[in-house]
Amino acid sequence: MEQHDHDRHRGPQLQHDELPEEHEDPLIRRLHFIIRQAIKVLAVLMVLVIIWGVLDVIYVLYTKFISPPVLLFEVSDIFVIFGAFMVVLIAVEIFVNIRLYLGTNILPIRLVVATALMAIARKVIILDIATVTAMEMLAIAAVVLALGVTHWLVGKQD
């Protein structure tokens with residue numbers, strides 16, 4: 001019962017086995033191995049991107065703190081800082097997606113959609129209303145609506 005409750009709270013997931021370790025064709029088996037190793041390299045690179053992103057957040061905060069007026073932020077500064085934070089959080093979500101792809105036979109659809117929602121939320125947060133056209137605003141609204149509905153439908157319990 002406890003395991004069933006745990007599975008229910010993780011949300012909808014699809015079983016997949018795109019790169020099985022066992023395959024009847026030895027060439028395909030070796031190619032799957034190479035692709036799995038390439039995905040591991042991507043995971044390492046994503047960790048480096050996350051570290052670089054954290055250093056960038058520190059740099060952005062430092063430069064905003066020391067620029068006149070010292071220790072005061074303007075609204076535009078806060079949006080730049082939020083954008084830097086959101087980039088790191090999106091990178092973390094992508095790393096989690098890579099890790100889950102490597103470590104399980106479960107494709108976490110809800111997590112992928114949530115990552116996309118976070119990316120579009122970053123766009124909305126740092127959006128400069130003065131430079132955006134009406135068509136771009138409608139496109140962003142359509143993406144937000146589509147992802148929101150998708151997240152709701154995927155998370156809906158039957």
Side-chain angles (χ1 to χ4, degrees), residues 2-21 23 28 31-32 34-61 63-64 73-158:
E2 199 172 300
Q3 179 65 28
H4 181 266
D5 286 343
H6 176 68
D7 289 343
R8 188 170 42 102
H9 293 305
R10 285 195 318 207
Q13 299 161 343
L14 298 177
Q15 293 291 329
H16 73 99
D17 202 10
E18 286 87 8
L19 302 169
E21 292 183 21
H23 195 276
I28 299 297
L31 293 174
H32 285 183
I34 292 168
I35 292 171
R36 281 192 306 275
Q37 298 312 307
I39 294 170
K40 288 178 183 179
V41 170
L42 287 175
V44 169
L45 292 174
M46 186 54 68
V47 169
L48 294 174
V49 167
I50 291 167
I51 292 167
W52 191 347
V54 169
L55 294 174
D56 183 58
V57 169
I58 293 167
Y59 175 75
V60 167
L61 281 170
T63 57
K64 296 301 178 188
F73 292 140
E74 293 181 14
V75 173
S76 62
D77 296 334
I78 293 172
F79 285 130
V80 169
I81 293 166
F82 284 172
F85 271 92
M86 292 293 286
V87 166
V88 174
L89 293 175
I90 292 166
V92 170
E93 291 295 324
I94 292 170
F95 172 79
V96 170
N97 281 309
I98 293 169
R99 186 186 56 78
L100 286 174
Y101 188 80
L102 277 174
T104 67
N105 285 335
I106 295 174
L107 185 61
I109 299 297
R110 194 170 190 184
L111 181 60
V112 172
V113 173
T115 303
L117 270 168
M118 185 176 283
I120 196 69
R122 177 194 178 273
K123 177 71 176 171
V124 170
I125 288 170
I126 65 169
L127 198 63
D128 184 2
I129 300 296
T131 63
V132 178
T133 67
M135 194 58 95
E136 289 172 325
M137 286 295 285
L138 286 172
I140 291 169
V143 169
V144 169
L145 180 63
L147 287 171
V149 168
T150 301
H151 191 268
W152 175 71
L153 287 173
V154 168
K156 195 174 173 183
Q157 298 293 324
D158 292 338

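Everything numeric in this text was worked out from a predicted model, so none of it was measured. All heavy atoms count here, side chains included; hydrogens, waters and symmetry mates do not.
Annotation: the span from Leu61 atom CG to Ile58 atom CD1 amounts to 8.0 Å, rounded to 0.5 Å. To the nearest 0.5 Å, atom CG of residue Leu145 and atom OG1 of residue Thr150 are 9.0 Å apart. The distance from atom CD1 of Ile50 to atom CD1 of Ile94, rounded to the nearest 0.5 Å, is 8.5 Å. Taking CZ of Arg36 as the reference point, atom CG of Leu31 lies at 10.5 Å (rounded to 0.5 Å). Between the CG atom in Leu153 and the CZ atom in Arg110 there is a gap of 11.0 Å [rounded to 0.5 Å].
Closest non-hydrogen pair, Leu111 versus Val96, comes out as CD2-CG1, 3.4 Å. When all heavy atoms of Ala91 and Val49 are compared, the closest pair comes out as CB-CG1, 4.5 Å.
The closest side-chain heavy-atom distance from Val113 to Trp152 is not below 4.5 Å.
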Donor-acceptor pairs are to be reported for all side-chain atoms of residues 116-130 against protein atoms at under 3.5 Å, with residues two or more places apart or in another chain.
| residue | atom | partner | partner atom | Å |
| --- | --- | --- | --- | --- |
| Arg122 | NE | Gly83 | O | 3.3 |
| Asp128 | OD1 | Ala130 | N | 3.3 |

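Within the structure, the salt bridge (Lys or Arg N to Asp or Glu O under 4.0 Å) test picks out the following pairs touching residues 73-86 (sequence neighbours left out): Lys64-Asp77. Judged as a side chain to side chain donor-acceptor pair (under 3.5 Å), the pairs with a partner in residues 83-99 (not counting sequence neighbours) are, in order, Asn97-Thr115.
Residues satisfying the side-chain contact (heavy atoms from CB on, under 4.5 Å) criterion with Ala43, sequence neighbours excluded, are Phe95, Ile98. Applying the ring-ring contact (aromatic ring centres under 6.0 Å, His included) criterion to Phe79, with sequence neighbours excluded, gives no partner residue. Taking the side-chain hydrogen bond (donor to acceptor under 3.5 Å, both in side chains) definition, one finds that Thr131 meets it with nothing, sequence neighbours left out.
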